[in-house]
Amino acid sequence: MSRKMNLLVAAGIAASVVSVSSIAGITVYKDGEKYLKVGGRIQLQYHDNEFKNGSADESSLFFRRFRPYIEGSLHKDWKGKFQWDMGKADLSVKDAYMQYKGFSNMKVTVGNANFPFSREFLTSSKKQQLVERSFVGDHNYGTPDRQTGIHLTGHNDGKDITWGFSAALAALDPDQKKLDFDTVINNSASDWNEGWMVGGRVDFHPFGKLKFSQGDFKGEQKATIGIAAFTWSNDGQNNTAGAGKPDVDKVNAFEVSGAYRNSGFSIDAEYNRFSADTVTAGYTGGIFKSGSTKLVNYSVEGGYMVVPAKLELVAAYQVQDADNYASEWTRTSVGLNWFIHKHDIKVQTTYRMGENENGVANKDGDEVFVQAQYVF
């Protein structure tokens, strides 16, 4: 089947998935403080990867995310939630936590939940403008993902300042090409490094709180700027990675990010910097050079609602660099988003042009993503 025909098939499947309406989350039981809520997201994705260096063209159609959740409470100010994914990856735990909301302006969460680093990561996959996150929000390249521990989130009385702090036992999957954090809850590999991670963030919203969501549906002026940092140290108990998979000793990270919304226009920008050392002194390979690396990611994403709250043009540019890269890895993206019911039901297309993949000069390739999303 030709590439054009594959795209037409994918678009047809996408259209069929979004032919019904939905609301996000359904409360199936409520009695005073007691309630039970169920929901989920379905993301059907077509991905075509065309390499320019002579490698074979690859295409696939799959569920990128197939993620149900259950949330409920028996007591005032308490709730519990668990969510799992049966999509692209193996069956994995996502949210799994208990939360107390009885404090003024603060929530306390215990369990597996979002670590407060990377504005793009903290923006749910169901509320992204691009089909796939850029380097700054990808757990493969330094962003911590969900982690298991204690998580505090809060705001001041005016809600123009929001903050988060977490302390967690975090896992890192050794890989010379990545800085790949995951949660210890899903540790199915015997060589994952583990250790304690501590970090936090502060965000300032001068025109009122801007939530972690991309796109401008209301046309109101909103803006935010945030900073974040974390540190992670290997506990030394599982340094068993084999050849080409260096154990990582420590990681320190810093983020500065911002976003702006107004009159259907939106822009999100973020810069992340990670300093990492390997357990084996002098290790060189992938992103590491002489036992360490400075991994730098930055991204700028923009969108404009050409038809308010219905049709959005998007564009983005992202860069990754590391000490052992011969050239910066860059990606340029353009796309179109059709919102049937805002982010609850939408069809997205992204065309991404990559250069110098994994820092290898002239290793270039173009990718096409078509994704249909249904949230309930």
Side-chain angles (χ1 to χ4, degrees), residues 1-19 41-67 85-90 120 124-141 175 177-178 180 214-215 297 299-303 306 311-320 327-340 343 345-375:
M1 185 180 291
S2 69
R3 183 178 181 185
K4 289 184 178 180
M5 183 60 70
N6 282 335
L7 288 173
L8 288 173
V9 171
I13 293 174
S16 68
V17 169
V18 298
S19 61
R41 76 193 70 171
I42 302 169
Q43 294 176 340
L44 179 63
Q45 183 182 122
Y46 172 81
H47 178 212
D48 184 88
N49 194 345
E50 182 179 348
F51 296 100
K52 295 180 180 179
N53 61 354
S55 300
D57 187 7
E58 299 175 355
S59 61
S60 55
L61 181 65
F62 57 97
F63 285 106
R64 178 62 176 87
R65 293 176 181 88
F66 182 32
R67 189 176 294 180
D85 194 13
M86 300 176 287
K88 179 181 179 181
D90 296 332
E120 184 172 297
S124 171
S125 62
K126 62 189 178 186
K127 295 185 177 182
Q128 298 280 333
Q129 287 176 309
L130 301 178
V131 173
E132 292 292 335
R133 288 187 172 98
S134 67
F135 292 129
V136 298
D138 191 336
H139 73 87
N140 289 310
Y141 304 108
D175 190 320
K177 294 182 179 181
K178 301 176 182 179
D180 181 11
Q214 295 183 351
N297 301 321
S299 174
V300 178
E301 303 173 43
V306 292
L311 198 65
E312 180 186 37
L313 290 173
V314 296
Y317 181 71
Q318 55 182 298
V319 178
Q320 180 176 107
S327 301
E328 291 182 336
W329 183 3
T330 66
R331 291 170 170 170
T332 303
S333 301
V334 294
L336 182 67
N337 298 328
W338 173 31
F339 301 101
I340 315 303
H343 285 298
I345 308 176
K346 65 181 178 181
V347 179
Q348 297 176 271
T349 61
T350 302
Y351 182 69
R352 188 167 75 187
M353 296 154 278
E355 296 183 357
N356 309 319
E357 181 181 354
N358 290 314
V360 179
N362 301 316
K363 186 179 181 183
D364 304 336
D366 295 348
E367 298 172 89
V368 175
F369 301 88
V370 180
Q371 181 167 283
Q373 174 171 292
Y374 185 92
V375 177

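What you see below is based on every heavy atom in this structure, not just the backbone, and it leaves out hydrogens, waters and symmetry mates.
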Legend entry - Under 3.5 Å donor-acceptor, Gln348 side chain and Gln128 backbone: yes
Legend entry - Nearest atoms (heavy-atom pairs only) where Glu312 meets Gly215: OE2-CA, 3.8 Å
Legend entry - Side-chain heavy-atom pair Leu44, Leu61 within 4.5 angstrom cut-off: yes
Inset, instruction - Name all residues meeting the ring pair (Phe, Tyr, Trp, His ring centres under 6.0 Å) criterion together with His139; count only those two or more places apart in sequence or in a different chain, and write none if there are none. - result: none
Legend entry - Set of residues satisfying side-chain hydrogen bond (donor to acceptor under 3.5 Å, both in side chains) with respect to Ser125, sequence neighbours excluded: Arg41, Arg65
Legend entry - Sequence-distant partners of Arg352, salt bridge (Lys or Arg N to Asp or Glu O under 4.0 Å), two or more places apart: Glu367
Legend entry - With sequence neighbours excluded, residues passing side-chain hydrogen bond (donor to acceptor under 3.5 Å, both in side chains) with Asn140: Asp138
Legend entry - Non-hydrogen side-chain atoms of Lys178 and Tyr141 separated by less than 4.5 Å: yes
Inset, instruction - Measure the spacing between NZ of Lys346 and CD of Gln43 and express it to the nearest 0.5 Å. - result: 7.5 Å
Legend entry - Residue pair Glu355 / Asp364: nearest heavy atoms and the distance that separates them: CA-OD1, 3.1 Å
Legend entry - Partners passing ring pair (Phe, Tyr, Trp, His ring centres under 6.0 Å) against Phe66 (at least two apart in sequence or in another chain): Phe63
Inset, instruction - Looking only at non-hydrogen atoms, find the nearest pair between Asn362 and Asn356 and report the distance. - result: N-OD1, 2.8 Å
Inset, instruction - Before giving the answer on side-chain contact (heavy atoms from CB on, under 4.5 Å), spell out for Val319 and Phe135 the whole-Å C-alpha distance, their side-chain angles and the decisive distance to 0.1 Å. - result: CA-CA 7 Å; Val319 178; Phe135 292 129; 5.7 Å; no
Inset, instruction - Just jot down the side-chain contact (heavy atoms from CB on, under 4.5 Å) partners of Phe62, sequence neighbours excluded, or say none. - result: Gln45, His47, Ser60, Arg64, Lys88
Legend entry - For Gln129 against Asn337, the heavy-atom pair lying closest together: O-ND2, 3.0 Å
Inset, instruction - Give, for atom OG of Ser299 and atom CD of Gln320, the distance between the pair rounded to the nearest 0.5 Å. - result: 11.5 Å
Legend entry - Side-chain (Thr350) to main-chain (Val131) donor-acceptor, under 3.5 angstrom: yes
Inset, instruction - For side-chain contact (heavy atoms from CB on, under 4.5 Å), just list the numbers for Val375 and His343, CA-CA rounded to whole Å, side-chain angles, deciding distance to a tenth of an Å, and then say yes or no. - result: CA-CA 8 Å; Val375 177; His343 285 298; over 6 Å; no
Legend entry - Reported CG-to-CZ distance for the pair Asn49 and Phe369, which is rounded to 0.5 angstrom: 7.5 Å
Inset, instruction - Please report the shortest heavy-atom distance between Gly354 and Asp366, naming the atom on each side. - result: N-OD1, 4.2 Å
Legend entry - salt bridge (Lys or Arg N to Asp or Glu O under 4.0 Å) partners of Glu357, counting only residues at least two apart: none
Legend entry - Reported CE-to-CZ distance for the pair Met353 and Arg331, which is rounded to 0.5 angstrom: 12.5 Å
Inset, instruction - List in chain and number order the residues that pass side-chain contact (heavy atoms from CB on, under 4.5 Å) with Leu311, two or more places apart in sequence or in another chain; answer none if no residue qualifies. - result: Val306, Val307, Leu336, Trp338
Legend entry - Side-chain (Asp85) to main-chain (Gly87) donor-acceptor, under 3.5 angstrom: yes
Inset, instruction - Under the salt bridge (Lys or Arg N to Asp or Glu O under 4.0 Å) rule, collect the residues that match up with Arg133, sequence neighbours excluded. - result: none
Inset, instruction - Could you pull out the closest heavy-atom pair between Tyr46 and Ser59, with the gap in Å? - result: OH-CB, 3.6 Å
Legend entry - Glu120: partners by side-chain hydrogen bond (donor to acceptor under 3.5 Å, both in side chains), with sequence neighbours left out: Ser134
